[in-house]
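Report on the following structure.
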Amino acid sequence: MKKLIFASAALCAAATISAQEVVEAQAQPQAQVEEAPAAKNFKPGSERFGAEAGLSLGNGFGLNGGNLNFNFTLSDEWMVRLGFGVTVDKLSSKDEDGNKSHLTESTFNVKPGIIYSFSGTDRLEPYVGGEFVFGLTSTCNYSNTKVDGATYEKENRTRTSNFGANAVTGFNFYVAKDLYVGAEVGLGFLVTPKSHNFGTDDEGKEYDSKDEKSKSHTTSINPICTPSVRVGWKF
């Protein structure tokens, strides 16, 4: 009888110790696995509008030839853009005898194009692309000269159109979210038909080169390297 009582007590003690070990094992917290923070991607996604300008760092600070680009991202790789350029230069002079002259040259161009961007990094976005070029240059050369009490006026106007295409490559570097700087180079060709000249000669007679009915033109192939930094923003 005593052996039975001792055996029962031993079994009860063993069960109690086993239950305490199970409870303690369940109460122990599981180790937390820390996840590495995700890298921040500064480059914008698709379906975003943007604008950029080439800022000249050479002779002063300003728009490089008035060149502006507006773009729209179709996807993470593809983007379409439309560039505009406007430049106006004027040089005037006047001497002690009252003779004066001025030379004004204005240039306007439109450049629609498409860009393919590579993956790069979270900030760097290298790309290649192509664009068409349509341009118009207008020049006015005017002089007013006094000789022996007589005044002679002379004016020569020239209009030159051109068209061509460029292959470009470059990169954008995002300094902040949606704000980037970049550079671009390329190679292109330009076709320039014969200029249209008209105006008045020394005798005041009008002339117009359209009467010659010439259809000659020149074609040039040139590398494209603009000494500027492009600054852009995605809206």
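Numbering of residues begins at 1 and proceeds along the displayed sequence.
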Would you kindly confirm whether Leu187 and Phe163 end up in one hydrophobic cluster when ILVMFWY residues are joined by side chain heavy atoms under 4.5 Å apart?
yes
Testing the basics here: between Ser106 and Val88, what is the closest heavy-atom pair and its distance to 0.1 Å?
CB-CG2, 4.0 Å
Are Phe70 and Glu52 close enough, and set up right, to give a side-chain contact (heavy atoms from CB on, under 4.5 Å), and what steps lead you there?
CA-CA 7 Å; Phe70 300 93; Glu52 64 182 40; over 6 Å; no
Show every salt bridge (charged side-chain N to carboxylate O under 4.0 Å, His left out) that has at least one partner inside residues 78-91, sequence neighbours left out.
Arg81-Glu131, Arg81-Glu184
With a 4.5 Å cut-off on side-chain heavy-atom distances among I, L, V, M, F, W and Y, is there a chain of contacts connecting Val110 to Val86?
yes
Reported CG-to-CZ distance for the pair Asn69 and Phe84, which is rounded to 0.5 angstrom:
9.5 Å
The salt bridge (charged side-chain N to carboxylate O under 4.0 Å, His left out) partners of Asp178 (sequence neighbours excluded) come to Arg48
Can you name the closest pair of heavy atoms from Gly120 and Pro126 and give their distance?
CA-CD, 3.8 Å
If you look at every heavy atom in Pro193 and Asn162, which pair is closest and at what distance?
CD-CA, 4.4 Å
Would you compute the distance between atom CZ of Arg157 and atom SG of Cys140 and round it to the nearest 0.5 angstrom?
4.0 Å
Which distance, rounded to the nearest 0.5 Å, do you find between the OG1 of Thr218 and the CG of Leu190?
8.0 Å
Rounded to the nearest 0.5 Å, what separates atom CG in Asn99 from atom OG in Ser101?
8.5 Å
Side chain to side chain contact (heavy atoms under 4.5 Å, CB included) against Leu179, all qualifying residues, sequence neighbours excluded:
Val175, Ala176, Val231, Trp233
Measuring from atom CG of Asn109 to atom CZ of Phe134, what distance do you get when rounded to the nearest 0.5 angstrom?
11.0 Å
Start with the C-alpha distance between Val133 and Asn166, add both sets of side-chain angles, then the distance that settles side-chain contact (heavy atoms from CB on, under 4.5 Å), and finish with yes or no.
CA-CA 7 Å; Val133 180; Asn166 300 325; 3.2 Å; yes
Output the rest of the hydrophobic cluster of Met79: all Ile, Leu, Val, Met, Phe, Trp and Tyr residues reachable through side-chain heavy-atom contacts under 4.5 Å, sorted by chain and number.
Ile115, Tyr127, Val168
Step by step, would you call Leu91 with His102 a side-chain contact (heavy atoms from CB on, under 4.5 Å)?
CA-CA 5 Å; Leu91 179 63; His102 66 77; over 6 Å; no
Strictly distance-based, threshold 3.5 Å: is any side-chain N or O of Arg123 a donor or acceptor partner for the main-chain N or O of Tyr174?
yes
Pair Phe49 + Phe72: ring centers closer than 6.0 Å
yes
Separation between CD (Glu125) and OH (Tyr180), nearest 0.5 Å, reads 8.0 Å
I'd like to check the side chain to side chain contact (heavy atoms under 4.5 Å, CB included) partners of Thr158; sequence neighbours left out, ordered by chain and number.
Thr139, Asn156, Thr160, Ser195, Asn197
For Tyr116, side chain to side chain contact (heavy atoms under 4.5 Å, CB included) partners two or more places apart:
Glu77, Trp78, Phe118, Val128
